[in-house]
Q: 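Following this message is one structure expressed as structure tokens.
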Amino acid sequence: MIKAILIFNNHGKPQLSKFYQPYSEDTQQQIIRETFHLVSKRDENVCNFLEGGLLIGGSDNKLIYRHYATLYFVFCVDSSESELGILDLIQVFVETLDKCFENVCELDLIFHVDKVHNILAEMVMGGMVLETNMNEIVTQIDAQNKLEKSETFIFQSPRQDR
Amino acid sequence: MWGFLPIGKQAISSAAGTSGVSSSKSKEAEIKRINKELANIRSKFKGDKALDGYSKKKYVCKLLFIFLLGHDIDFGHMEAVNLLSSNRYTEKQIGYLFISVLVNSNSELIRLINNAIKNDLASRNPTFMGLALHCIASVGSREMAEAFAGEIPKVLVAGYVDTMDSVKQSAALCLLRLYRTSPDLVPMGDWTSRVVHLLNDQHLGVVTAATSLITTLAQKNPEEFKTSVSLAVSRLSRIVTSASTDLQDYTYYFVPAPWLSVKLLRLLQCYPPPDPAVRGRLTECLETILNKAQEPPKSKKVQHSNAKNAVLFEAISLIIHHDSEPNLLVRACNQLGQFLQHRETNLRYLALESMCTLASSEFSHEAVKTHIETVINALKTERDVSVRQRAVDLLYAMCDRSNAPQIVAEMLSYLETADYSIREEIVLKVAILAEKYAVDYTWYVDTILNLIRIAGDYVSEEVWYRVIQIVINRDDVQGYAAKTVFEALQAPACHENLVKVGGYILGEFGNLIAGDPRSSPLIQFHLLHSKFHLCSVPTRALLLSTYIKFVNLFPEVKPTIQDVLRSDSQLRNADVELQQRAVEYLRLSTVASTDILATVLEEMPPFPERESSILAKLKKKKGPSTVTDLEDTKRDRSVDVNGGPEPAPASTSAVSTPSPSADLLGLGAAPPAPTGPPPSSSGSGLLVDVFSDSASVVAPLAPGSEDNFARFVCKNNGVLFENQLLQIGLKSEFRQNLGRMFIFYGNKTSTQFLNFTPTLICSDDLQPNILGFITKPVDPTVEGGAQVQQVVNIECVSDFTEAPVLNIQFRYGGTFQNVSVQLPITLNKFFQPTEMASQDFFQRWKQLSNPQQEVQNIFKAKHPMDTEVTKAKIIGFGSALLEEVDPNPANFVGAGIIHTKTTQIGCLLRLEPNLQAQMYRLTLRTSKEAVSQRLCELLSAQF
């Protein structure tokens, strides 16, 4: 199962964290720091897997990550997940973000924290892969956007009249 | 394509108003900015003006981001809960998001949240149901499992959701999550067979989710889900043999449904090879997957090869798991062999990893061995330490008698340049292989001495203890060992571990090489003593023991050694241990006759054969699954306790000898014994301490635990005990006469706790009245900084006074720790509040007017007399707080029922504060005297 999904930039500033196991707030921050420490010191072009940090569960766990320009996408998983499968899942996640935000950039993740969480929720649920079909995910997100827009239209316009 | 350039979106940032949060320069500026922002949001939430949907969303998003940066968010929860019940999607969604990220164990809120979820689940609106299911899966707490574990299976297999694939998908994974947290609350039933049939569902997303669910359930209930095997095989076969276009959207870079294939192959790994009919079809599938790997790639994109190989690796895992088709195993091995030289680092990594498991199969062990040169080459040339680590693992796994010398030599030479992070592990592996496959023990001795030379700092005690055990047990290498250590010690700089081994071996067997004038007794002694001043105290202590052994072996050096012992730097050494040894050894050498000396200082007897303590160490380091040589972990632990010889040669024989100086020696010969208990571990006397390792002695209650205990009378959660090493936290819940207590043990140090054993002790008086049992033992090893959890189930049979004791024993570093605390399970925990009107109350009050039924206590207030605090305490105590019952409004009145298995006892209480005198009068009336008495005691202590 996936234990946590972390996104942070090259300076270790977290941009998104989603934990699928209960950890205290302090531990969450420590895990982010430890993971950044482990991942950031690695060269480019080495393999995308490494043994997990102690906090997230030690040697039965792997960190599977990709580094895109200024951002690290890290999935902390246990041994029941396929490494290459997760690597592709990260790719699907990023491609989906790119579709939904049209050329996604770091700031999109900060200012649309809710959207990013929603996209992630369409892909991963309770630490398991929910949907891998990008078209299906994007359709769901579009439907949500439409729903939001229609609500803004119905509810907000009359309020402005008042 | 992946720009991630923050330029050009600045406009959005100022519009959203969080620019300061993300671009704060310094930490202080950030904190200042955030506090300002938090204050702003708080005032908005508290303000009179109702916020519109957009603003609510904006502020909640800001809170999420601030939380992400690591700041506590202590408000907004109520606003989020209110958003849940909105009918507008936007608001509901943001509410759920907040709850999912910032879960709070606040049970009041959980109830409200559960209520909202219940409504949404029943709404039949797929969007709302989806949000609710996501929230359950995110929080996944026990409370939620209690509320919904029965409900979700219905959603999953209900007829009316036939059209809503997304709901089915979510329900399957939601159920899986609840099963993980609380398997006992998910009842198996009719739904299981219908879930299995979801493997035939048209929607591949549903099949993927269902496969995940079934895989987890099948691990615990294999019988129940046996039928899934044939369904999974036929589904897999349809995917594998389909043209890649058949599955349309689920074709990923020309690979048909790779995730589903991986999941199905994982599911099949829960079961042994299937019946012949199904088996034929499965073998076909696996062969097809292996064949496809040889086809030219349909795309040059890395995603294509990743997806294809993800399936391939999973297929290979299944082949290895079944371990029954030699043909497939050899093909798998050849395939992995190709990957070993692939240009993709990821594939090389995975190939090394898979081959490790393949090496333990008898069918493919030989095939794996043919790749030895490639693996050795990987060790030398890989740039990535993770990959080199896998190569070391594989070499270890493929090692047998035929290639041991080569592999050990390669590992040793790699050790010279190995990364610091994996050196200790390599040292352990080399030591184990050298011992396991040694035909010629001189080779073994050479190897270990080389280890110490190359990586002395990483040679742990276990390793050098072991070499000494082996040398002492094998007559044929003793002479060789003495000669070799003597030569090794001649190096101008040698590692302290070598001095230890050398000192020990020469002390025992120096006589075997004393005939050679180049290694005469005096030369041996001077060689050792030349290192003495550079060594740490434990090593010097060991060397002093070696010297006294020399006195016995070589009478001619006795004066020289006596001079050394007599010198001020020994006799007046600041270290007590060294001083004592010097004094006692000097005395021993002067008063004892040759016979007595010979008896006291005779050669060490052979060690009993036992499992290598090094293997135990490696297992601990890597976890039992990764060490191929699986053995009983229990034995493993006991080895740790008495593994390795004591570093002082004199001790064993000395203690058992009835010599006049024996007791003297007995004191002196206690080196920093690794098994000794610390003097502070318990106050129950020396004799007890000596035997406390047998885990039968319970420490007296830890100081301060009484106070902590009292604090838990009116609350259920908090920290029960804390010292420098250990923290014990509690979370408990009680209902009727039952209770459940979650105990969290936190290791505050950075070192492992070993043999960690908590036990629950109910005294004889308590036993019949309260039943408590630990549901499952905790792992005996608690990693540094880790927290482990344990659940205690409690049943109250009848009323009781004492509290059960929790005793925790573990080893920290070399010392034994023993902690006892009272578990705050008190009678009032089984209270159910009862609301009643004034009239009823006084009527019942009068009914309980027997003198035995009433207990009264008048006492001085220990805490400030605050009305609100008092109210909270009475409610926390468990009884209902009855307002407007007592004619005097300053008084507090409460009522409740104590539930035990045998009876229910109604209780009434009245607390009358006297502010002027700073006194209270507490009156309790119940139908049972002992209950009145106990409740009065417990509650009196609270004010």
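Per chain, numbering begins at 1; letters A, B, ... match sequence-line order.
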Q: Report the option among B:Glu382, B:Arg383, B:Arg266, B:Glu344 that has the most heavy-atom pairs separated by less than 4.5 Å from atoms of chain A.
A: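 Sorted descending by pairs with chain A, the first entry is B:Arg266.
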
Q: Shorter than 4.5 Å, heavy atoms on both sides: which option in A:Gln144, A:His117, A:Gln21 has the most such pairs with chain B?
A: A:Gln144

Q: Which value, rounded to the nearest 0.5 Å, describes the distance between A:Leu6 atom CG and A:Gln28 atom CD?
A: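 Answer for the CG-CD pair, A:Leu6 versus A:Gln28, is 9.5 Å.
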
Q: Counting only N and O atoms by type, is there a donor-acceptor contact under 3.5 Å from the side chain of A:Gln29 to the main-chain atoms of B:Leu68?
A: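 Side chain of A:Gln29 to backbone of B:Leu68, a donor-acceptor pair under 3.5 Å: yes, one is there.
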
Q: Is B:Asp779 atom CG crowded by more than 12 heavy atoms from other residues, nucleotides or ligands, each under 6.0 Å away?
A: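 Correct, the count exceeds 12.
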
Q: So, taking the atom named CZ in A:Arg42 and the one named CG in B:Asp384, what distance separates them when rounded to the nearest 0.5 Å?
A: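 A:Arg42 CZ to B:Asp384 CG: 4.0 Å, rounded to 0.5 Å.
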
Q: Can you say whether B:Gln269 sits under 4.5 Å from chain A via the side chain, the backbone, both, or neither, judging by heavy atoms?
A: neither

Q: Of all of A:Ser79, A:Pro22, A:Ala121, which one pairs up most often with chain B through heavy atoms under 4.5 Å apart?
A: A:Ala121

Q: If we define contacts as heavy-atom pairs under 4.5 Å, which of A:Met128, A:Met125, A:Gln30 has the most with chain B?
A: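 When all of A:Met128, A:Met125, A:Gln30 are compared, A:Met125 has the most.
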
Q: Side chains of A:Lys18 and B:Ser138: donor-acceptor distance under 3.5 Å anywhere?
A: yes

Q: Among A:Leu84, A:Val92, A:Val113, which residue has the highest count of heavy-atom pairs closer than 4.5 Å to chain B?
A: A:Leu84

Q: For residues A:Glu131 and A:Gln140, is any side-chain donor paired with an opposing acceptor at under 3.5 Å?
A: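 Per modelled atom types, A:Glu131 and A:Gln140 side chains form no pair under 3.5 Å.
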
Q: So what's closer than 4.5 Å to chain A heavy atoms on B:Tyr349: side chain, backbone, both or neither?
A: side chain

Q: What I want to check is whether the side chains of B:Gln389 and B:Glu425 have a donor and an acceptor closer together than 3.5 Å.
A: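 Result is yes, a qualifying pair exists.
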
Q: Counting heavy-atom pairs closer than 4.5 Å to chain B, which one of A:Ile86, A:Asn45, A:Thr27, A:Leu89 comes out on top?
A: A:Leu89

Q: Using non-hydrogen atoms only, which part of A:Asp114 is less than 4.5 Å away from chain B: side chain, backbone, both, or neither?
A: both

Q: Go through the atoms of B:Glu783 and report whether side chain, backbone, both or neither lie under 4.5 Å from a heavy atom of chain A.
A: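 Neither part, no heavy atoms under 4.5 Å.
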
Q: Give me the one residue out of A:Asp98, A:Val116, A:Thr132, A:Asp88 that meets side-chain contact (heavy atoms from CB on, under 4.5 Å) with A:Phe93.
A: A:Val116

Q: Cation-pi between A:Lys115 and A:Phe101: NZ/CZ under 6.0 Å from ring centre and within 45° of the ring axis?
A: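 Cation-pi check for A:Lys115 and A:Phe101: fails.
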
Q: How about A:His67 and A:Asn10: does a side-chain donor come under 3.5 Å of a side-chain acceptor?
A: yes

Q: Could you tell me which portion of B:Leu97 (side chain, backbone, both or neither) has an atom closer than 4.5 angstrom to a non-hydrogen atom of chain A?
A: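 For B:Leu97, side-chain heavy atoms alone lie under 4.5 Å from chain A.
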
Q: Tell me, for A:Glu136 versus chain B, whether the close heavy atoms (under 4.5 Å) come from the side chain, the backbone, both or neither.
A: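 The answer is the side chain of A:Glu136.
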
Q: Quick check on B:Phe67 against chain A: is it the side chain, the backbone, both or neither that has a heavy atom closer than 4.5 Å?
A: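 Contact with chain A involves both backbone and side-chain atoms of B:Phe67.
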
Q: So which part of B:Arg348 gets closer than 4.5 Å to some heavy atom of chain A, the side chain, the backbone, both or neither?
A: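 Looking at B:Arg348, nothing touches chain A.
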
Q: Against chain A, label B:Ala307 side chain, backbone, both or neither, depending on which of its atoms sit under 4.5 Å from a heavy atom there.
A: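 Contact with chain A is through both the backbone and side chain of B:Ala307.
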
Q: In terms of heavy-atom pairs under 4.5 Å, which option from B:Arg180, B:Lys263, B:Glu314 contacts chain A the most?
A: B:Arg180

Q: Sort B:His203 into side chain, backbone, both or neither according to what part of it lies under 4.5 angstrom from a heavy atom of chain A.
A: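 When you check distances to chain A, only side chain atoms of B:His203 fall under 4.5 Å.
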
Q: Quick check for you: among B:Leu350, B:Asn309, B:Val385, which has the greatest number of heavy-atom pairs under 4.5 Å with chain A?
A: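 Maximum pair count with chain A is reached by B:Leu350.
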
Q: Who wins among A:Ser80, A:Ser17, A:Ala143, A:Gly126 for the most heavy-atom pairs under 4.5 Å with chain B?
A: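 Counting heavy-atom pairs under 4.5 Å, the top option is A:Ser80.
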
Q: In terms of relative ring orientation, are A:Phe36 and A:Tyr72 parallel, tilted or perpendicular, with 30° and 60° separating the classes?
A: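 Geometry flag for A:Tyr72 against A:Phe36: perpendicular rings.
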
Q: Checking A:Asn9 against chain B: side chain, backbone, both or neither under 4.5 Å from a heavy atom?
A: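 Answer is neither: A:Asn9 stays 4.5 Å or more from chain B.
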
Q: Report which part of B:Gln787 has an atom under 4.5 Å of a heavy atom belonging to chain A: side chain, backbone, both, or neither.
A: neither

Q: Taking side chain as everything from C-beta outward and backbone as N, CA, C, O, which of these in B:Leu133 sits under 4.5 Å from a heavy atom of chain A? Side chain, backbone, both or neither.
A: both

Q: So what's closer than 4.5 Å to chain A heavy atoms on B:Ser141: side chain, backbone, both or neither?
A: neither

Q: Against chain A, work out which of B:Cys61, B:Gly140, B:Ser317, B:Ser170 has the most heavy-atom pairs shorter than 4.5 Å and name it.
A: B:Ser170

Q: Starting from the C-alpha separation in whole Å, work towards a yes-or-no answer on side chain to side chain donor-acceptor pair (under 3.5 Å) for A:Asp26 and A:Ser24.
A: CA-CA 5 Å; A:Asp26 281 348; A:Ser24 74; 5.5 Å; no

Q: Counting heavy-atom pairs closer than 4.5 Å to chain A, which one of B:Ala310, B:Gly784, B:Ala786 comes out on top?
A: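 Counting heavy-atom pairs under 4.5 Å, the top option is B:Ala310.
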
Q: Working to the nearest 0.5 Å, report the span between CG of A:Leu130 and CD of B:Gln169.
A: 5.0 Å

Q: So which part of A:Leu87 gets closer than 4.5 Å to some heavy atom of chain B, the side chain, the backbone, both or neither?
A: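 For A:Leu87, the side chain is the part near chain B, not the backbone.
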
Q: Where does the angle between the aromatic ring planes of A:Phe19 and A:Tyr23 fall among parallel (under 30°), tilted (30 to 60°) and perpendicular (over 60°)?
A: perpendicular

Q: Any salt bridge linking A:Lys13 with B:Glu30? Criterion: basic side-chain nitrogen under 4.0 Å from a carboxylate oxygen.
A: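 Result for this pair is yes, salt bridge flagged.
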
